[in-house]
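For reference, the structure discussed in these notes is given below.
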Amino acid sequence: KLKYVDSIGVLLESLSSLPQVRIADPASMAAKMRQMVAAGNKKLLVISDFDFTLSRYANESGERLSTTHGVFDDNAARVDPELGKKFDELRMKYYPIEFDPKLTVEEKIPHMEAWWGTSHGYIVQSGFTRAMIEDFVRKSRVVLRDGASELMQSMEAVGTPLVIFSAGIGNVIEIFLRQKLGSVPRNVHFISNMILFDSNDKACAFSEPLIHTFCKNSSVIQKEASFFHQIAGRSNVILMGDSMGDIHMDVGVEKDGPTLRIGFYNGDVNDEASLDHYMAAYDIVLVHDSTMNVPQRIFDLVS
Ligand code: C5P
């Protein structure tokens, strides 16, 4: 135990000295890590967002990369310029609302429902086939964060379940992981919007209930009750997200242990108010970090 306590202290000190790391309350973070280390790997569960958390926000030149919905924005214009324009208009209208600091979550929700609902409607109307979607994903600008595949592999190696909880499109993530890693790691469980296909393999509907940025909590997880029951012994959670909508992804997990929240901040570094907001919600905030190095070091210590 003493060795563990020492290594938590050493790790925290070393993380705190990194320029991209912000920790509001190191003592509270250390206490959570001590509990996790003492309970061991059998008690551990990882819940992660996908878009701009497991995937990268920007490329080396600072250009914004794609979300899983963006896979359709990127490619729709190629196969159907009119549809491409419609997707662009939706994003220009609703993306600023999603991140508007002056609006409350309640005010944002109807807009998010309209955004997701309309874009899902377009995807279904287009009648894209599974093969076309696989091609879209292959040509898309979705990129894994550096070290994300290694982190997923280490979770699989020690048998830690990884819940990918995404308001994006689950099939797109599945196809993407298969293309990048050869297969979806066995420890991965998806909670996401799923495209349903008809007997001709054409997109015909989306799964219910709709998951958008601001309903990533138990109201959505209810249909996942049997999965969460299966892993009920896992009461310590590492949660990774990039938005304020991600911080309640552990609600609905049957647990009495701590949740260690790792937040990726992809916003304006000079916006101190937003950064403070993230620091209050997440135990550790990584500012414009395109890698999984810090989560990997934390996982290695507590797993
Ligand atoms: O929860 P997650 O980070 O995976 O959320 C998906 C993201 O997809 C949202 O933050 C939103 O900005 C984006 N989105 C999009 N196109 C849509 C709907 C959502 O790019 N049609």
Side-chain angles (χ1 to χ4, degrees), residues 47-58 64-77 83-101 103 105 108-126 128 133 136-137 140-145 148 162-177 188-195 203 206-207 209-217 219-221 239-251 261-267 274 278 281-282:
I47 305 179
S48 180
D49 168 57
F50 184 79
D51 288 314
F52 302 152
T53 296
L54 283 172
S55 78
R56 266 179 83 137
Y57 179 71
R64 189 171 177 272
L65 293 163
S66 272
T67 61
T68 49
H69 280 98
V71 164
F72 290 94
D73 308 7
D74 289 351
N75 290 277
L83 184 62
K85 221 171 97 204
K86 286 190 199 165
F87 280 131
D88 283 347
E89 281 166 8
L90 283 179
R91 200 182 48 253
M92 284 187 304
K93 174 169 177 193
Y94 291 113
Y95 188 73
I97 300 178
E98 181 182 4
F99 285 94
D100 188 339
L103 294 176
V105 166
K108 291 179 185 190
I109 285 175
H111 296 288
M112 298 301 109
E113 289 174 347
W115 185 12
W116 264 251
T118 313
S119 57
H120 290 181
Y122 290 157
I123 292 170
V124 169
Q125 279 161 28
S126 70
F128 291 140
I133 296 173
F136 291 171
V137 175
S140 75
R141 293 167 7 108
V142 176
V143 179
L144 277 181
R145 227 171 248 283
L162 166 61
V163 176
I164 298 185
F165 194 163
S166 168
I169 303 178
N171 324 56
V172 169
I173 305 173
E174 237 170 356
I175 293 168
F176 174 81
L177 291 181
V188 168
H189 179 84
F190 291 103
I191 302 179
S192 190
N193 300 302
M194 292 290 179
I195 303 175
F206 269 82
S207 59
L210 176 75
I211 302 174
H212 58 72
T213 316
F214 300 108
C215 67
K216 294 174 88 173
N217 61 51
S219 66
V220 162
I221 314 192
L239 179 152
M240 298 193 286
D242 77 310
S243 95
M244 296 304 286
D246 292 329
I247 60 176
H248 301 301
M249 293 191 295
D250 62 328
V251 172
R261 293 185 169 76
I262 304 175
F264 288 92
Y265 182 78
N266 303 313
S274 286
Y278 271 66
Y282 285 100

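Basis for what follows: all heavy atoms, side chains included, without hydrogens, waters or symmetry-related copies. Ligands are counted one by one from 1 in listed order, and the atoms in each one are counted from 1 as well.
- Within ligand 1, counting atoms from 1 as listed, the ones closer than 4.0 Å to a heavy atom of Lys216 are 1 (O), 2 (P).
- Considering only non-hydrogen protein atoms, atom 16 (N) of ligand 1 sits nearest to His69 CB, 3.1 Å.
- Nearest protein heavy-atom contact of atom 5 (O) of ligand 1 is Ala167 CB, 3.6 Å.
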Practice item. Could you walk me through whether Leu239 and Phe165 pass the side chain to side chain contact (heavy atoms under 4.5 Å, CB included) test, one step at a time? Key: CA-CA 10 Å; Leu239 179 152; Phe165 194 163; over 6 Å; no
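- Within ligand 1, counting atoms from 1 as listed, the ones closer than 4.0 Å to a heavy atom of Gly168 are 4 (O), 6 (C).
- Using a 4.0 Å cut-off between charged side-chain N and carboxylate O, Arg91 and Asp88 make a salt bridge.
- Ser166 has its side chain out of reach of Ile211: every pair of non-hydrogen atoms, C-beta onward, lies at least 4.5 Å apart.
- Between Asp73 and ligand 1, no pair of N/O atoms sits closer than 3.5 Å.
- With a heavy-atom cut-off of 4.0 Å, Trp116 touches ligand 1 through its side chain alone.
- Under a 4.0 Å criterion applied to the non-hydrogen atoms of Asp49, ligand 1 contributes the atoms 1 (O), 2 (P), 3 (O), 4 (O).
- Nearest protein heavy-atom contact of atom 6 (C) of ligand 1 is Asp51 OD2, 3.3 Å.
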Point to revise | Tyr282 vs Tyr265, side chain to side chain contact (heavy atoms under 4.5 Å, CB included): CA-CA, chis, key distance, verdict | key: CA-CA 10 Å; Tyr282 285 100; Tyr265 182 78; over 6 Å; no
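- Close N/O approach between Tyr95 and ligand 1 is not found [any backbone or side-chain N/O within under 3.5 Å].
- Atoms of ligand 1 lying under 4.0 Å from at least one heavy atom of Ser119, given by number and element, are 21 (N).
- Atoms of ligand 1 lying under 4.0 Å from any heavy atom of Trp115, numbered from 1 in the order shown and given with element: 11 (C), 12 (O), 14 (N), 15 (C), 16 (N), 17 (C), 18 (C), 19 (C), 20 (O), 21 (N).
- Residues Phe136 and Ile175 fail the side-chain proximity criterion, which asks for heavy atoms closer than 4.5 Å.
- Electrostatic pairing of Arg261 and Asp250 counts as a salt bridge here, judged by a charged N lying under 4.0 Å from a carboxylate O.
- Closest to atom 20 (O) of ligand 1, if we only count protein heavy atoms, is Thr67 OG1, 3.0 Å.
- Every atom of ligand 1 is numbered from 1 in the order shown, and the set under 4.0 Å from a heavy atom of Glu98 is 9 (C), 10 (O), 11 (C), 12 (O).
- No more than 12 heavy atoms of other residues, nucleotides or ligands shown are found within 6.0 angstrom of NE2 on His248.
- Residues forming a side-chain hydrogen bond (donor to acceptor under 3.5 Å, both in side chains) with Asn171 (at least two apart in sequence, or on another chain): none.
- Taking the side chain as every heavy atom from C-beta outward, Phe87 and Ser119 approach each other to under 4.5 Å.
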